[in-house]
2 protein chains.
Amino acid sequence: MVTITNKEPLLSHNRKFRMTRQRQVILEEIKKVRTHPTADQLYEMARRRLPHISLGTVYRNLEILSECGMVQKLDLGGAQRRFDGNTKKHYHVHCTRCGRVDDVPIEAVVKIQTTFQGASNYKITGHKLELLGLCPQCKKAKKALTKRPGRRAGRKSNSHP
Amino acid sequence: MVTITNKEPLLSHNRKFRMTRQRQVILEEIKKVRTHPTADQLYEMARRRLPHISLGTVYRNLEILSECGMVQKLDLGGAQRRFDGNTKKHYHVHCTRCGRVDDVPIEAVVKIQTTFQGASNYKITGHKLELLGLCPQCKKAKKALTKRPGRRAGRKSNSHP
DNA sequence: GGGTTATGTAGGAATGGTTACTATTACGAA
DNA sequence: TTCGTAATAGTAACCATTCCTACATAACCC
């Protein structure tokens with residue numbers, strides 16, 4: 001359980017922000033979980049403590065917190081953006097079946113960039129690597145499905161958010 | 001210049017689609033370019049030949065064409081989805097300054113997946129790697145800028161044909 | 001061919017995530 | 001305390017994408 005108690009102002013590279021109650025709650029809530037929540041999930045989480053907080057405030061503060069390096073904005077593709085309280089550079093693995101996102105406990109490998117440095121006439125300055133696969137639950141579910149004898153009707157399209 | 005002349009029906013894994021005039025034009029237009037256009041860019045391109053085509057038709061057909069493996073849907077993050085007439089698995093490099101997207105002429109390295117296979121309890125089945133950097137033009141522009149201090153360009157969603 | 005069904009189309013409305021606007025409130029320095 | 005600014009709630013606007021509907025066209029079958 002993470003608790004942020006000080007209310008020191010936040011510093012971005014070119015601005016100073018006040019640590020307001022709303023901002024603090026959003027920060028605490030995102031630091032609490034490892035689920036890479038979306039903005040509206042964080043809105044629900046914050047609303048349990050601040051029933052009058054508005055979705056716009058959540059968006060604005062996530063923007064500010066990420067500008068100050070307190071949270072990470074993830075752009076994994078798909079409809080909704082996700083946010084991560086873990087600001088260390090790291091990779092994510094995305095379940096293709098249920099949409100769950102987990103951390104991959106391996107630090108970012110900068111070597112990837114040098115590998116590709118000469119391959120185009122761009123100056124490579126970064127990279128985004130996202131692993132795709134089946135989470136433990138979906139692995140089991142899949143296995144259970146293939147075990148069952150008899151032919152299966154059609155493959156189901158996943159309901160992947 | 002690529003031209004598709006035959007109007008054979010398209011086959012997806014579970015359906016058959018007719019090759020209509022609209023579908024053919026969209027396919028030809030996307031095969032013509034290497035710019036990874038967005039749906040509305042393709043809409044404009046197709047409209048030059050079929051002034052009455054609608055944006056919905058473009059979206060629906062891109063969906064169908066990608067289901068049949070004729071084009072590739074790219075989900076690079078960012079507001080708009082992009083499409084690629086090159087269906088071979090390959091990587092992309094994305095300019096962080098102007099948003100331009102180019103191919104990286106190196107085939108997908110499956111080794112990446114095996115590297116990460118044990119790092120989580122997911123079954124890794126794929127990966128998405130996107131290089132970030134400065135395109136040739138922006139490299140030059142940046143160099144010119146550092147000579148004399150410039151103003152900060154607002155973040156613009158790219159508008160690159 | 002003529003009738004019927006499946007498939008595709010244009011156009012526009014609806015959706016959903018995100019951002020912008022506005023009046024009001026809270027904070028911090030003088 | 002007072003003034004100026006930052007932040008907020010609430011709501012409207014935005015924009016890419018999807019869905020809906022009436023109509024058109026092709027394929028199929030007799």
Side-chain angles (χ1 to χ4, degrees), chain A residues 6-12 14-27 36-44 46-47 49-68 70-71 73-83 99 157 159-161, chain B residues 6-12 14-27 36-44 46-47 49-68 73-83 99 154-159:
Chain A
N6 69 335
K7 298 189 71 169
E8 288 304 299
L10 296 172
L11 293 176
S12 135
N14 55 0
R15 285 184 69 188
K16 198 171 69 172
F17 297 97
R18 294 206 287 259
M19 178 51 91
T20 62
R21 178 99 187 99
Q22 287 84 346
R23 206 164 282 168
Q24 192 177 342
V25 166
I26 292 167
L27 185 56
H36 313 83
T38 58
D40 62 302
Q41 285 167 349
L42 278 164
Y43 172 53
E44 287 308 323
R47 217 140 70 112
R49 294 171 58 187
L50 301 174
H52 293 292
I53 197 170
S54 85
L55 182 58
T57 299
V58 173
Y59 271 106
R60 185 163 17 79
N61 281 316
L62 285 170
E63 193 62 43
I64 289 170
L65 288 169
S66 87
E67 191 182 325
C68 299
M70 312 285 288
V71 309
K73 233 192 302 185
L74 306 181
D75 214 345
L76 304 178
Q80 273 173 286
R81 182 176 300 156
R82 288 169 175 275
F83 296 87
S157 92
S159 59
H160 151 115
Chain B
N6 69 335
K7 297 189 71 167
E8 288 305 299
L10 296 173
L11 292 175
S12 130
N14 55 1
R15 285 185 69 187
K16 197 171 70 173
F17 297 96
R18 295 203 290 259
M19 179 51 92
T20 61
R21 177 99 188 98
Q22 287 83 348
R23 201 111 84 202
Q24 191 178 343
V25 166
I26 293 167
L27 185 55
H36 313 83
T38 59
D40 62 302
Q41 285 167 350
L42 277 165
Y43 172 52
E44 287 307 323
R47 219 140 70 112
R49 295 170 57 188
L50 301 173
H52 293 293
I53 197 170
S54 83
L55 183 57
T57 299
V58 173
Y59 270 107
R60 185 166 16 77
N61 281 316
L62 285 170
E63 194 62 42
I64 289 170
L65 288 169
S66 86
E67 192 182 324
C68 299
K73 234 192 301 185
L74 305 181
D75 214 345
L76 304 178
Q80 272 173 286
R81 183 176 298 155
R82 287 169 175 275
F83 296 86
R155 95 187 43 221
K156 242 335 249 115
S157 93
N158 60 67
S159 58

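Convention: sequence-line order gives letters A, B, ...; per-chain numbering from 1. The structure presented is a predicted model; accordingly, all values stated were derived computationally and were not measured.
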Touch class at under 4.0 angstrom, heavy-atom based, for Asp40(A) against every strand present: nothing
Length of the CD-P vector between Glu63(A) and dT19(C), whole Å: 6 Å
Non-hydrogen atoms of Gln41(B) and Pro37(B) that approach each other most closely: OE1-CA, 3.1 Å
Rounded distance (Å) that lies between atom C1' of dA10(C) and atom CZ of Arg23(B): 15 Å
Below 4.0 Å: OP1/OP2 of dC27(C) and any side-chain N or O of Arg21(A): no
Tyr59(B) OH to dA10(C) C1', straight-line distance once rounded to whole Å: 16 Å
Sugar-phosphate only, base, or nothing, as touched by Leu55(B) at under 4.0 Å among non-hydrogen atoms: base
Rounded distance (Å) that lies between atom P of dT25(C) and atom CD of Gln22(A): 14 Å
Nearest-neighbour nucleotide for the Arg18(A) side chain, dA10(C), dG17(C), dG28(C) considered: dG28(C)
Distance in angstrom units between Phe83(A) CZ and dG17(C) P, rounded: 13 Å
Residue pair Leu50(B) / Gln22(B): nearest heavy atoms and the distance that separates them: CD1-CA, 3.7 Å
Atom of Ser54(B), atom of Tyr43(B) and distance for their closest heavy-atom approach: C-CE1, 3.7 Å
Sugar-phosphate only, base, or nothing, as touched by Arg60(A) at under 4.0 Å among non-hydrogen atoms: base
Minimum heavy-atom distance between Met19(B) and Leu27(B), given as atom pair plus value: CE-CD2, 3.9 Å
Residues which pass side-chain contact (heavy atoms from CB on, under 4.5 Å) with Phe83(A), listed by chain and number, not counting sequence neighbours: Ile30(A), Ala39(A), Leu42(A), Leu62(A), Lys73(A), Arg81(A)
Boundaries of the chain A footprint along DNA chain D (any atom under 4.0 Å from a heavy atom): dA6(D) to dG10(D)
Whole-Å gap separating P (dA26(C)) and CG (Asn61(A)): 16 Å
Smallest separation among heavy atoms of Asp75(A) and Gly77(B), with atom names: OD1-CA, 3.7 Å
Length of the line joining Gln24(B):CD and dG8(C):P, which is rounded to integer Å: 15 Å
Lys/Arg-Asp/Glu bridge criterion (N-O < 4.0 Å) met for Arg60(A), Glu63(A): no
